[in-house]
Amino acid sequence: MTRKRVVKQHGASSAASKVPRSARVQRDEAPSRWWLKRGLLALVIFLLVPCLQRTLPELIQHLVYTHRVRVPFFIDLSRPSDLSLNHTVNMYLTSEEGISLGVWHTVPESKWKEAQGKDLAWYQNTLRDGSPVFIYLHGNTGTRAAAHRIGVAKVLSALGYHVLVPDYRGFGDSTGEPTEAGVTTDALYVYNWAKERSGDSLVVIWGHSLGTGVATNAAVKLHEQGRSFDGVILEGAFNTKGQEVPTFTWYYWRLPGSGYLFPDPVEENKALFPSEENLKKMTCPILFLHSEDDHLAPIQTVQEMYELAVKAQNAERVKMVPFDGSLGYLHNGLYRDPHLPDSLQKFVLSL
């Protein structure tokens, strides 16, 4: 009987055994090194960003105000007529030493023919004609030439009101760099300037977005002087206490102990705009305007601010007009609503 010889097949396992040991070690260590590199990169980013925040405060300043984004581009702000504002004059006011503010003054639409070719003195004299004067304090990013800001000026002008639209320091063609104290000073200066020239006319402050924080700050400053705005409109209001400030460091405040290790960069740079606390001290009539689909300032937060203001005063002096979210106005589009003029007129008549 013949026995079959069993031949051992080496195959893949045999081939693997022939691979040099150093190559197998390198292959096994590759995933570990991959995670190590990314872990070190994450650690560097985690530690580097707060350091940059401390050493580069201008970066935080830009994130809050975005004042260097001067859209629309290629606009000569000294020529408002190029933007169909043909009864508007451009001027510059000095809010404090070294700070020049670019400001547009639009007269009531009924004066547009008379306004043609008139100089700055004529425009200033018209402030005494008895028509209400609105000072529009815009939000961050861009200049007084933004489409929605021009839209608001046109709505107010069509209602027979004067409109002053300043660019805060650092915005548009205004000089300087924005800070909370600085932009508040700018707003108060424009208000006092208008009040001195408008006689007995109403002077109403309209703040939008960031401008609502500036408006409430200015209102409290004025209150401390024993004075009060004739009225304040808060459109797209925000509250830094109730809303996250949209900076790139949001993830720090979600990690245990991070608030202790890395103080809030916005607070460190004094960009607080404590609207909630300001509303508790304000004594002037207030009108909240807000779109239910506002993607930057949640309607729920504004409702809370409204209720706080009502508690501080009463429901007769504090009003809120919400706009249906299906209209798609978001954060900047309320000026397009056909019912807005009626709401504005009712508010002015109540002052």
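It should be emphasised that the depicted structure is a prediction, and the values quoted were computed from it without experimental measurement.
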Donor-acceptor pair, side chain of D293 and main chain of L330, under 3.5 angstrom: yes
Atom of V302, atom of H290 and distance for their closest heavy-atom approach: CG2-CE1, 3.1 Å
H208 vs H148 side-chain heavy atoms within contact, under 4.5 Å: yes
Cluster check I150, L77: I/L/V/M/F/W/Y, side chain < 4.5 angstrom: yes
Gap between atom CD of E304 and atom CG of N239 - 0.5 Å precision: 8.5 Å
Residues H105 and H162: side-chain donor-acceptor under 3.5 angstrom: yes
L234-F347 co-clustered via ILVMFWY side chain contacts under 4.5 Å: no
Residue pair S343 / V321: nearest heavy atoms and the distance that separates them: OG-CG1, 3.9 Å
Distance in Å, Y136 OH paired with I205 CD1, rounded so as to fall on 0.5 Å steps: 13.0 Å
Contact check, side chains of L289 and F323, non-hydrogen atoms, under 4.5 Å: yes
S291 side, atom OG; N332 side, atom CG - distance, nearest 0.5 Å: 10.5 Å
Heavy-atom closest contact (T143 atom, G172 atom, distance): CG2-CA, 3.5 Å
Heavy-atom closest contact (L344 atom, Y161 atom, distance): O-OH, 4.4 Å
side-chain contact (heavy atoms from CB on, under 4.5 Å) evaluation trace for M91 with L164: CA-CA 10 Å; M91 58 183 171; L164 296 173; 3.9 Å; yes
Near-ring test F171/H138, centroid separation under 6.0 angstrom: yes
Salt bridge (charged side-chain N to carboxylate O under 4.0 Å, His left out) against R79, all qualifying residues, sequence neighbours excluded: D82
Salt bridge (charged side-chain N to carboxylate O under 4.0 Å, His left out) partners of D294, counting only residues at least two apart: none
Counterpart residues, salt bridge (charged side-chain N to carboxylate O under 4.0 Å, His left out), relative to R144 (two or more places apart): D167, D173
Plane angle bin for H295 and H331 - parallel if under 30°, tilted between 30 and 60°, otherwise perpendicular: perpendicular
Side chains of P274 and E180 in contact at under 4.5 Å (non-hydrogen atoms): yes
W193 (side chain) donor-acceptor with T94 (main chain) under 3.5 angstrom: no
Donor-acceptor pair, side chain of E292 and main chain of I299, under 3.5 angstrom: no
Distance (rounded to the nearest 0.5 Å) between I286 CD1 and F229 CZ: 11.0 Å
Pairwise side-chain contact, Q225 with L222, heavy-atom cut-off 4.5 Å (strictly under): yes
4.5 Å side-chain heavy-atom contact, V190 and D186: no
Side chain to side chain contact (heavy atoms under 4.5 Å, CB included) involving S228 - partner list, sequence neighbours excluded: T283, C284
Y168 to G139 - nearest heavy-atom pair and separation: CE1-O, 4.4 Å
Side chain to side chain, K195 and D230, heavy atoms closer than 4.5 Å: yes
Transitive ILVMFWY side-chain link L334 to V204, under 4.5 Å: yes
Minimum side-chain heavy-atom gap F273-V183 below 4.5 Å: yes
Which atom of P166 lies closest to which atom of V103, heavy atoms considered: CB-CG2, 3.9 Å
Hydrophobic cluster membership, V348 vs V133, 4.5 Å side-chain cutoff: no
NZ/K221: more than 12 non-hydrogen atoms of other groups inside 6.0 Å: no
Heavy-atom neighbours of Q116 CD exceed 12 at 6.0 Å: yes
All salt bridge (charged side-chain N to carboxylate O under 4.0 Å, His left out) counterparts of D342, not counting sequence neighbours: none
Under 3.5 Å: donor-acceptor pair, side chain of S198, backbone of A194: yes
Step-by-step side-chain contact (heavy atoms from CB on, under 4.5 Å) determination, Y189 to E96: CA-CA 8 Å; Y189 181 86; E96 60 184 15; over 6 Å; no
Working for side-chain contact (heavy atoms from CB on, under 4.5 Å), residues W122 and V89: CA-CA 10 Å; W122 179 88; V89 70; over 6 Å; no
T175 (side chain) donor-acceptor with S100 (main chain) under 3.5 angstrom: yes
Distance (rounded to the nearest 0.5 Å) between Y306 OH and L279 CG: 12.5 Å
Donor-acceptor contact present, side-chain S174 to main-chain G102, <3.5 Å: yes
Trace of the side-chain contact (heavy atoms from CB on, under 4.5 Å) decision for T185 with R169: CA-CA 10 Å; T185 295; R169 62 187 66 194; 4.0 Å; yes
Set of residues satisfying side-chain hydrogen bond (donor to acceptor under 3.5 Å, both in side chains) with respect to K154, sequence neighbours excluded: S84
Co-membership, hydrophobic cluster, residues I233 and L308, 4.5 Å side-chain: no
Any side-chain heavy-atom pair of F134 and V152 under 4.5 Å: no
Interatomic distance, Q345 atom CD to L340 atom CG [nearest 0.5 angstrom]: 10.0 Å
Charged N-O contact under 4.0 Å between K281 and E224: no
